[in-house]
Amino acid sequence: MTTIRTRFAPSPTGNVHIGNMRVALYNWLYARHNRGQFLMRMEDTDRERSTPAAVQTVLDALEWLGLTPDEPPVYQSQRRTAHLEAAAQLLEAGQAYKQDKGDTGKGEAIVFRMPGTDITFTDQVKGALHKAAQDMQDFVIVRSDGSPVFHLANVVDDIFMNVTHVIRGDDHTENTFRHIALYQALNAPVPVFAHLPMIVNAQGKPYSKRDGDAFVGDFRTNGYLPAALLNYLALLGWSPGDDREVLTPDELIAAFSLERVQSSAAQFDQRKFEWVNGEHLRQLPQSMHREQYIQAIPQAGNNPAYLDAVIAAMEDRVKKWSDIPVMAGFFFTEDYPCDEKAVNKRLRKPGALDLLAALHTAFAKCTPFTEESTEATLRDLADARGVKPADLIHPTRIAVSGLPFGPSLFKMLAVLGRDRVTQRIERTLNTIKPQEDSNAPQ
RNA sequence: GUCCCCAUCGUCUAGAGGCCUAGGACAUCGGGUUUUCAUCCCGAAAACAGGGGUUCGAGUCCCCUUGGGGACGCCA
């Protein structure tokens, strides 16, 4: 029984698209599930685009996601001699011939001769595929400038790397017939093929440059978890067969099989991905959360006990790391931004400031200053004034955090402490008032 | 134009002829959590593209139509 070997063979173009990463993921999952090897080959023969930086981007993306190859990457640009030797071999065997372009006369290309028979293979996701001989033409394998063409290089390198399973994008399905002919002409065993459907954008169209946020690097900078991206990407075109939706990388490996891969295109749903990310986030240990808070807000490291209280208060509100500075920044600075819309809605409203001022007075006498006592104080005041608790809760939240949403208000207040709370209410009272006077003709 | 592939709720999917009056998840809507919500819980609405077959029986098999996608490079 031979060891299963899969490979990820991207052409580095500067950005790594989620579609490519899913191809890498499925190759990785298949190899891991079957205790085989996952390999990597840079198809970097396009010198225009394949810059060192572009190559590094691919490597970085794989590393971030934890899709580590089992052997050092093969660089296709360094395999040119082997490609040309294979072409020479085909030429000699009469399975390829030279052809002049005609017009230029600047050298001859080498053209592969298709066998002239129908070709059939069983795709692991699409099933039996067949192509009539008449629908396949001979094709160039070495250009007249002497450079090998993709088809040749791809097949020769897969043979060289002993790849047993070629798992790649749907767009290569048609190429497979030619590739099989090449394997046979080179007397090499034909690998197993599996072609994955595409990932399309919100409009149901293939991703284009216009669709922006589909690059792996963006997910990283926006504070998403690699395990969550892996999880969500795996679910795009595959399912474990039971009702599980949130799976760790190990669980994905255990459950993965090509038989369960869907054969139709899938659409990336940003909101579901957010949810998956949140699920993974809340399973992370406290230490990880601390680390991220400190990274996002350096002052957060000053008081460990306070930080833990903040993290507890924020609980499930944080869905991605980049939420931290915007949702929890006010815990650590007096210089937090204020949501103007919310200020208009809740503070520039008849009676709101009076109520807030009364609450300020009540809070000043509220001892101790806890989740329970602040709640009781606020409710008593609402009762006494004949207003709904919400009429006090909203203005207070905005005064104290600048945000129209967040964790439970009373939890927030207790964490912040009386001094900060009363100061912030006071400051809000002072800054809103004058504006209201000038706008008060009615 | 030629060849190939695909088609279940808005989205991702379960479904390998009777277990389907089609299940789950995200999103949506409604209710609850004697406070907001971008939390949590409960509930609701929501799909087999259309038409022919095959069969006692079809979401599941076959054909056609329609719609989508891909490939037809001396790009990868």
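Quick note on labels: first sequence line is chain A, next is B, and so on, each numbered from 1. From a predicted model like this one, the values you see are computed outputs, not experimental measurements.
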Q: Kindly say whether, by distance alone, the side chain of A:Ser408 makes a donor-acceptor pair under 3.5 Å with the base of B:U35?
A: yes

Q: Using atom CG of A:Asp243 as one end and atom P of B:G23 as the other, report the distance to the nearest whole Å.
A: 12 Å

(Q) Base, sugar-phosphate or nothing for A:Gly406? Non-hydrogen atoms, less than 4.0 Å. (A) base

Q | For atom NE2 of A:His179 and atom C1' of B:A71, their distance in whole Å | A | 12 Å

Q) Phosphate oxygens OP1/OP2 of B:U11: is one of them under 4.0 Å from a side-chain N or O of A:Arg271? A) no

Q) Between A:Lys126 (NZ) and B:G69 (C1'), how many Å, whole number? A) 9 Å

Q. Within the structure shown, what part of the strands sits under 4.0 Å from A:Arg244 by heavy-atom distance: base, sugar-phosphate, or nothing?
A. nothing

Q) Should A:Asp60 and A:Arg220 count as an ion pair when the cut-off is N to O under 4.0 Å? A) no

Q: Tell me, please, whether A:Phe139 has A:Arg178 positioned over its six-membered ring: NZ or CZ under 6.0 Å from the ring centre and within 45 degrees of its axis?
A: yes

Q | Phosphate-side-chain proximity, A:Arg143 and B:G73, N/O vs OP1/OP2 below 4.0 Å | A | no

Q) What nucleic acid atoms does A:Phe273 come within less than 4.0 Å of, heavy atoms only: base, sugar-phosphate, or nothing? A) nothing

Q) For A:Glu274, which contact category applies under a 4.0 Å heavy-atom criterion: base, sugar-phosphate, or nothing? A) nothing

Q | Spacing between A:Glu174 atom CD and B:U2 atom C1', to the nearest angstrom | A | 11 Å

Q) Separation of A:Trp275 atom CH2 from B:C40 atom C1', in whole Å? A) 14 Å

Q) Quantified in whole Å, what is the P atom distance between nucleotide B:C6 and nucleotide B:U21? A) 28 Å

Q: Would you tell me if any nitrogen or oxygen in the side chain of A:Gln270 comes within less than 4.0 Å of OP1 or OP2 on B:A27?
A: no

Q: Please report the closest heavy-atom contact between A:Ala194 and A:Gln124, naming both atoms and the distance.
A: CB-CB, 3.8 Å

**Q.** Aromatic contact, A:Phe273 with A:Phe268 (centres under 6.0 Å)
**A.** yes

Q: Using the aromatic ring of A:His172 (for Trp, its six-membered ring), decide whether it stacks on the base of B:G70 within the limits of 5.5 Å and 30°.
A: no

Q. Hey, does A:Arg282 reach any base, or is it just sugar-phosphate, or nothing, if we go heavy atoms under 4.0 Å?
A. sugar-phosphate

Q) So what's B:G1 paired with, Watson-Crick or G-U wobble, going by both distances under 3.5 Å? A) B:C72

Q. Which whole-number value in Å describes the distance from A:Asp383 CG to B:U34 P?
A. 16 Å

Q.
I need the CD-C1' distance between A:Gln262 and B:C12, as an integer number of Å.
A. 9 Å

Q: Could you work out which one of B:A14, B:C74, B:U35 sits closest to the side chain of A:Ala109?
A: B:C74

Q | Interatomic distance where NE2 belongs to A:His17 and C1' belongs to B:A76 [whole Å] | A | 16 Å

Q) Any idea which of B:C6, B:C3, B:U13 is nearest the A:Ala266 side chain? A) B:U13

Q) Regarding A:Arg79 and the six-membered ring of A:Phe160, is the cationic atom NZ or CZ under 6.0 Å from the ring centre and inside 45° of its axis? A) yes

Q: Looking at every strand, decide which applies to A:Asn175 at a 4.0 Å heavy-atom threshold: base, sugar-phosphate, or nothing.
A: base

Q) Does the side chain of A:Arg22 get closer than 4.0 angstrom to OP1 or OP2 of B:C12 through an N or O atom? A) no

Q. What is the nucleic acid contact for A:Met198, judged by heavy atoms within less than 4.0 Å: base, sugar-phosphate only, or nothing?
A. sugar-phosphate

Q) So does A:Thr173 reach the base of B:C4 with its side chain, donor to acceptor, closer than 3.5 Å? A) no

Q. Given B:A76, B:C6, B:U35, which nucleotide is nearest the side-chain atoms of A:Phe150?
A. B:A76

Q) Does the ring of A:Phe256 carry A:Arg260 above it, NZ/CZ under 6.0 angstrom from centre and within 45° of its axis? A) no

**Q.** Whole-Å C1' distance, B:G30 and B:U8
**A.** 26 Å

Q: Quick one: label A:Ser147 by what it contacts on the DNA or RNA (base, sugar-phosphate, nothing), any heavy atom closer than 4.0 Å.
A: nothing

Q: State the pairing partner of B:A7; accept Watson-Crick or G-U wobble contacts with both distances under 3.5 Å, and report none otherwise.
A: B:U66

Q. Ignoring hydrogens and angles, are the base of B:A25 and the side chain of A:Lys272 linked by a donor-acceptor pair under 3.5 Å?
A. yes

Q: On the 0 to 90° scale, with breaks at 30° and 60°, tag the A:Phe121-A:Phe193 ring pair as parallel, tilted or perpendicular.
A: perpendicular

Q: Tell me whether the OP1 or OP2 atom of B:C3 has a side-chain N or O from A:Arg178 closer than 4.0 Å.
A: no

Q.
Please give me the minimum heavy-atom distance between A:Arg113 and A:Gly94, naming the atom from each residue.
A. NE-O, 3.1 Å

Q) From B:G24, B:A25, B:U39, pick the nucleotide closest to the side chain of A:Arg317? A) B:U39

(Q) Looking at B:G68, I'd like to know if its phosphate oxygens (OP1 or OP2) sit under 4.0 Å from a side-chain N or O belonging to A:Lys205. (A) no

Q: Just call it for A:Pro407: base, sugar-phosphate, or nothing, with non-hydrogen atoms closer than 4.0 Å on any strand.
A: base

Q) A:Glu245 near the nucleic acid: base, sugar-phosphate alone, or nothing, with a heavy-atom cut-off under 4.0 Å? A) base

Q: Please work out if A:Pro404 contacts a base, only the sugar-phosphate, or nothing of the nucleic acid, heavy-atom cut-off 4.0 Å.
A: base

Q. Just checking A:Leu129: base, sugar-phosphate only, or nothing, at a heavy-atom cut-off of under 4.0 Å?
A. sugar-phosphate

